[in-house]
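Computed from heavy atoms alone, side chains included, the values below leave out hydrogens, waters and symmetry copies.
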Amino acid sequence: MPVLERFFPAAEPGRRRRTGEEPMPFPMGSLPGYQQGTLAWDLPEMIKMVKLVWKSKGELRGAKHRGVLESEDALGGSAGDARVRGQTGVLSERRGSYPFIDFRLLNNTTLSGEIGTKKKVKRLLSFQRYFHASRLLRGIVPQTSLYLLDEDYLGQARHMLSKVGMWDFDIFLFDRLTNGNSLVTLLCHLFNVHGLIHHFQLDMVTLHRFLVMVQEDYHSQNPYHNAVHAADVTQAMHCYLREPKLASFLTPSDIMLGLLAAAAHDVDHPGVNQPFLIKTKHHLASLYQNVSVLENHHWRSTIGMLRESRLLAHLPKEVTQDIEQQLGSLILATDINRQNEFLIRLKSHLDNQDLRLEDAQDRHFMLQIALKCADICNPCRLWDLSKQWSERVCEEFYRQGDLEQKFELEISPLCNQQKDTIPSIQIGFMTYIVEPLFERWAQFTGDTPLSENMLNHLRRNKAKWRSLLHKQHSSSRSNDHSGQVTGSQEQTLNEEETP
């Protein structure tokens with residue numbers, strides 16, 4: 001049972017409040033600007049509404065913290081396994097269980113014998129939870145993600161949201177304008193634009209609480225796999241969902257699944273890849289038996305947050321169970337090791353012309369392809385944006401390589417800063433991963449402006465990286481030649497000085 005269910009049971013609207021407890025936010029029907037049958041929210045109203053839940057949000061965090069501390073031993077089935085089983089029977093993970101790699105476990109073969117209690121093991125394997133708990137115990141108030149924008153920034157963010165369907169959308173600028181809350185702001189807007197809040201009768205306060213959970217479980221210290229990347233993938237997914245070939249067949253459920261999967265597809269990413277987790281014998285690798293380790297973790301963490309927030313608690317059990325399973329199918333599809341599997345299947349469908357988007361199964365497959373495209377669409381962006389993403393992902397690779405070198409592990413491919421340059425990494429990525437997928441996507445969508453735009457950007461960006469690689473090679477050869485001349489001159493001088 002999720003930790004917070006003891007504090008916010010299903011019958012929460014009618015529960016008794018404890019003495020001195022602040023009342024929970026009023027129901028959605030009484031929120032300002034809300035009318036039954038219509039939803040006329042814009043960003044300023046949304047911000048005002050969010051201010052009303054400040055104390056409620058603080059109570060939620062405090063309740064979650066108390067629940068974790070009080071039931072740390074009771075809820076964990078074994079050390080490192082913080083999964084919980086909900087009513088639907090799908091295993092989920094408690095929020096914030098596995099965010100960081102604790103490198104005290106590496107290169108220390110005697111450590112396991114020195115650990116005497118399960119609690120110490122849990123502290124090592126769940127470092128972020130321990131870290132946040134100790135900060136709270138020391139009286140340090142954690143930063144909240146409630147963002148208060150001044151009118152100028154609010155107006156600019158609203159203007160950008162009016163163009164959220166444009167491919168040249170600058171997610172880095174949008175993140176600055178929203179004070180680092182691009183994912184929450186974008187998802188609230190897209191859920192409103194697509195009519196999902198009204199269709200699924202979602203409570204706006206609960207939706208915001210869930211989105212804050214998702215955003216906070218991304219790690220801002222990761223150069224690439226952070227909440228800005230999730231917002232970028234979500235914006236790309238929104239663009240793909242509007243493609244005429246697909247849009248006319250999508251149901252509200254399809255759209256919500258696509259947006260949720262895009263937002264949470266990398267949640268709680270530790271900043272290292274699956275091979276690193278496997279060779280360091282990380283508990284996540286053991287938990288998921290070395291198969292789609294990170295993707296399974298992202299999925300189960302998302303389910304845990306859905307249940308904690310109770311976003312879908314008002315829906316029938318079979319509906320929520322189906323949503324959880326389909327979210328898993330979408331997120332697991334982003335495993336890069338399954339790239340050929342999906343490409344071969346897509347090629348077969350396109351060659352045989354047997355895609356029937358009236359069929360839910362075929363629609364779901366194309367949602368998987370759309371999410372895969374959104375996840376690796378950076379090379380198809382404008383050069384300035386694409387270059388930033390390329391530098392960020394390579395910085396994350398290099399950090400992993402430095403850690404592997406520090407702990408005397410074999411350096412993973414693409415993670416050696418001395419050998420693997422950014423241009424060479426990007427050219428290989430575009431050639432073998434991005435181009436085959438986006439060429440098939442363009443074949444599916446037809447010659448739409450978006451598909452042509454993406455392929456044109458991809459070709460231009462690849463040419464620029466090749467030019468940069470050529471300059472690097474020329475510079476390297478020039479330096480080598482200069483070094484040889486200097487060495488020859490030095491030898492001559494030594495010979496002349498010899499008596």
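Scanning all heavy atoms of the two residues, the minimum distance from Lys372 to Ala333 falls at NZ-O, 3.0 Å. Scanning all heavy atoms of the two residues, the minimum distance from Leu371 to Leu330 falls at CD2-O, 3.4 Å.
Checking His229 against Asp266 by side-chain atom types alone, a donor-acceptor pair falls below 3.5 Å. With no hydrogens or angles considered, no side-chain donor-acceptor pair links Gln400 and Glu396 at under 3.5 Å. Side-chain contact check for Asp168 and Asn453: no donor-acceptor pair (N or O, by modelled atom type) lies under 3.5 Å. With hydrogens and angles left out, the side-chain atoms of His314 and Gln201 include no donor and acceptor closer than 3.5 Å. Counting only N and O atoms by type, the side chains of His199 and His194 include no donor and acceptor under 3.5 Å apart.
Put simply, OG on Ser292 and CG on Asn337 are 7.0 Å apart, with the number rounded to the nearest 0.5 Å. Atoms CG and CZ, on Asn461 and Arg381 in that order, are 11.5 Å from each other to the nearest 0.5 Å. Atoms CG and OG1, from Leu211 and Thr206 in turn, are 10.5 Å apart once rounded to the nearest 0.5 Å.
Between Glu341 and Arg345, none of the side-chain N atoms (NZ, or NE/NH1/NH2) sits under 4.0 Å from a carboxylate O, so this pair counts as no salt bridge. A salt bridge links Glu391 with Lys387: the distance from a Lys NZ or Arg NE/NH1/NH2 to an Asp or Glu carboxylate oxygen falls below 4.0 Å.
Side chain of His265 to backbone of Ala262: a donor-acceptor contact under 3.5 angstrom is found.
Between Asp254 and Leu367, the closest side-chain pair of non-hydrogen atoms falls below 4.5 Å. In this structure, Pro270 and Leu294 have side chains that are in contact, with non-hydrogen atoms separated by less than 4.5 Å. Here the side chains of Pro252 and Leu196 are in contact, with some heavy-atom distance below 4.5 Å. Using a 4.5 Å heavy-atom cutoff, the side chains of Leu260 and Val214 are not in contact. Residues Asn378 and Val393 have side chains not in contact (no heavy-atom distance under 4.5 Å, counting atoms from C-beta outward).
Partners of Lys419 under the salt bridge (charged side-chain N to carboxylate O under 4.0 Å, His left out) rule, at least two apart in sequence or in another chain, do not exist in this structure.
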Review point. What do the steps show when you test Phe397 against Ser412 for side chain to side chain contact (heavy atoms under 4.5 Å, CB included), and what is the final call?
Key: CA-CA 9 Å; Phe397 290 162; Ser412 300; over 6 Å; no
Exercise for review: Kindly determine whether Met366 and Leu346 satisfy side chain to side chain contact (heavy atoms under 4.5 Å, CB included), including the steps that lead there.
Suggested key: CA-CA 9 Å; Met366 290 314 302; Leu346 178 60; 4.0 Å; yes
Exercise for review: Run the numbers on Lys462 and Val434 for side chain to side chain contact (heavy atoms under 4.5 Å, CB included), then give the verdict.
Suggested key: CA-CA 11 Å; Lys462 186 175 180 181; Val434 182; over 6 Å; no
Exercise for review: Step by step, work out the side chain to side chain contact (heavy atoms under 4.5 Å, CB included) result for Thr178 and Leu186.
Suggested key: CA-CA 10 Å; Thr178 56; Leu186 180 64; over 6 Å; no
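For CG of Asp447, the number of neighbouring non-hydrogen atoms (other residues, nucleotides, ligands) closer than 6.0 Å is 12 at most. The environment of Glu358 atom CD is dense: over 12 non-hydrogen atoms of other residues, nucleotides or ligands sit within 6.0 angstrom. In this structure, Gln405 places its CD atom where only 12 or fewer heavy-atom neighbours from other residues, nucleotides or ligands lie under 6.0 Å away. Within 6.0 Å of NZ in Lys279 there are more than 12 heavy atoms belonging to other residues, nucleotides or ligands.
Residue pairs that meet the ring pair (Phe, Tyr, Trp, His ring centres under 6.0 Å) test with at least one member in residues 321-352, sequence neighbours left out, are His349-Phe365.
The aromatic rings of Tyr240 and Trp441 are tilted relative to each other, their planes meeting at an angle between 30° and 60°.
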